[in-house]
Amino acid sequence: MASVSEAKSLVLDRITHRFASGTMAVSDINLDVKGGEIIALLGPSGCGKTTLLRIIAGFIGQSEGRVIIGNDVVDALPPNRRAVGIVFQNYALFPHLSISENVGYGLAARGVDKATRNKEAQRLLDMVQLGPFGERLPRQLSGGQQQRVALARALAIKPSILLLDEPFAALDKNLRLDMQIEVKRLQRMAGTTTLIVTHDQEEALSMADRVAVLSHGHLEQFGTPSEIYDQPQTLFVNTFVGTANRVTGTVIATDADDVKVALDAGGEIIARAPKPVRASDKVIVCLRPEHLTFVSDDSGFAGEIGMALPLGATVVHEIKAKDGSSIKISQARTGGTPLREAGTPVRVAPLAPGLATVFPQ
Amino acid sequence: MKSATTASATAPGDVTSFSLGLALPLGVVFAIFFVLPLAQLFYLSLHNDTAATVWGLGQYIKFLSDPFSLAVLGSTLLLGAEVTLACLVLGYPIAWLYQRSGSRVQTLIIMIVLLPLLTSVVVRTFAWIVILGRQGIINSVLQSLGLIGTPLRMIYTQGGLIAALAQVQMPLMVLPLITAIGRIDPNLADASASLGAGSWRTFVKVMLPLSMPGIIAGCTLTYAAAITAFITQSLIGGGQMLFMPMYLYQQASTLQNWPFAAAISIIFLFAVLAIVALFSMLGRRARGYGDAR
Ligand SMILES: Nc1ncnc2c1ncn2[C@@H]1O[C@H](COP(=O)(O)OP(=O)(O)OP(=O)(O)O)[C@@H](O)[C@H]1O
Ligand SMILES: [Mg+2]
């Protein structure tokens, strides 16, 4: 098993890909992945995640840019010489081969003899807890089991980079959690540099060391899960990752990263501005529901309760602001959290200055 | 709610009985025009004399102990095998190309492949005579280029016959192949490559086994069509080469020996059935049969 020190880094250098049809699938992507890291590629459907994986695996030749694995530019290498393991979204197990032959396929291609191959396949199947299933055919396994076989098959070649394309999308919630933990455990054990494609933000935030958020083929932000969540650099990241209320306002003063904004809904708040804004600019202010609180002084802005939604561990209130915008505020539910009646006048403010973020309109 | 449950519970039974009823007309046609004549043929073959009055296995013994008849059977089965192989070797790349092409090229390929089906067998066969003949297209081109002195003999040869039959039967090979290859998940080839397999290994270990259903269907159809292609065999093969359909025709029509002709048919039928059974057995042996969905 490869030790962590052997893990190879992966660099995507200004990767751009245009399909023959003219679709610009990815544009100018720069990623610098350290050896042994787990990276999540997060983005909505059609943003170019699969295309990026296929470029790294070598199935697609990118229009521009370079892929560097370890110290080598691999652009000229065909997929079978890149040592990149890939788990496809639909698993793509060979339907005519037994589970054990599937896992041993990569070793067979490397000329490993049958006995060694079978032993190694068995070891990997034991590792993904499918030891007794070696003789079965793929269609005789459940989706989750097939997924583990696909993972074992990819790991069998000791890849320098492991790519997973929405590996858990087909699984139900419990199994998905199990598999996420399992993959993370296997990845830690093997120390393989790993890229996981997902459009499930919880999955991205929980599994990855760093998250790359993509939108329309552009890299919006690349950072740790807390950077992504707490310091979103773009409006897209702020609204795509987690939930955010969007309200409008006008900048009245700027001071380094912090700006003072007059909300159209009334009231003034201090907010963080990742992109430069100037006084009297019209801006969009993002406020996360869990960063808001009800206040009894005259800070924040006024509104009235529209609806109260008790969602198990949290309570969400929808508030109608003066300018007609609708704002959600969520609170952890403790014994004493009251559900407020519709129509009750309230004032709402961020828990702390700087929890709100502004973006140019 | 309750009535819906009842309806859905009885529905499957209804569907079955309907479908059996619907199959009845076809079954009747089949019985009258296929099973009955076949039974009559069998009955006829069990007579030793031309007038069909004396019972016996004489016709079968005559055929199976006659080196000439056995040679005709042998060369017919061999012809089928050669044509089938030619169709497979030429057809597989076409089917492969079809799956890798854009929709416009696909339409073009299908058109070209189906074209032989749209013209009459006689016309197609005469076209081949024009191509292969002594003063045919190939010979005149080669001669005018100075590549050959005397015309090549291509018509009335086994090679010419195989070429003509292969062209005529090509759709029967290519269409099932296109279907089978099209059903293979394109990710499988990528998966194979990412696991380190080169393109030849991917082809032999993944694509070929998974296209086996199409190969078997195509081979069976082509084989059956090639060995029974009376017109093409007679016109391109000419007088020197005798195959089962012509042999049968001579016995029945020219020599009026109906019981012997009947015995030839039955023997031919069983020889073909045996070959077809062999094909499907081979296919099931090669794993992947029935797996490639
Ligand atoms: N072979 C292709 N030819 C032309 N355009 C393509 C091709 N494959 C993908 N595209 C386009 O490129 C863009 C990115 O596609 P891609 O499959 O990478 O998206 P994705 O992020 O993986 O989406 P999803 O989450 O739905 O899988 C899409 O607009 C898609 O329509
Ligand atoms: Mg995708």
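A note on names: the letters A, B, ... follow the listed sequences, proteins ahead of strands, and every chain is numbered from 1.
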Quick one: CZ on R201(B) to CG on N80(A), what's the gap to the nearest 0.5 Å? 11.0 Å

Atom OG in S194(B), atom CZ in R54(A): separation rounded to 0.5 Å? 10.0 Å

State, to 0.1 Å, how close [X] and [Y] come at their nearest heavy-atom pair, and which atoms those are.
X       : Y       : answer
A92(A)  : A191(B) : O-CB, 4.0 Å
V206(B) : Y105(A) : CG2-OH, 3.4 Å
K205(B) : H96(A)  : O-NE2, 2.7 Å

For [X], which atoms come within 4.5 Å of any heavy atom of chain B: side chain, backbone, both, or neither?
X       : result
F94(A)  : both
L93(A)  : backbone
A108(A) : both

In chain order, what residues pass the side chain to side chain contact (heavy atoms under 4.5 Å, CB included) check against M244(B), with sequence neighbours excluded? F63(B), V72(B), L73(B), T76(B), Y247(B), I264(B), F268(B)

Among L188(B), D185(B), I184(B), find the one that has a side chain to side chain contact (heavy atoms under 4.5 Å, CB included) with P95(A). L188(B)

Filter on ring pair (Phe, Tyr, Trp, His ring centres under 6.0 Å), then keep only pairs touching residues 129-164 of chain A, sequence neighbours left out; what's left? none

Is there side-chain contact between F88(A) and D190(B), with heavy atoms separated by less than 4.5 Å? yes

Evaluate whether atom [atom1] of [X] has more than 12 neighbouring non-hydrogen atoms of other residues, nucleotides or ligands under 6.0 angstrom away.
X       : atom1 : answer
F230(B) : CZ    : yes
R18(A)  : CZ    : no
R81(A)  : CZ    : no
D113(A) : CG    : yes

Is the backbone of L195(B) close enough, under 3.5 Å, to the side chain of R110(A) for a donor and an acceptor to pair up by distance? yes

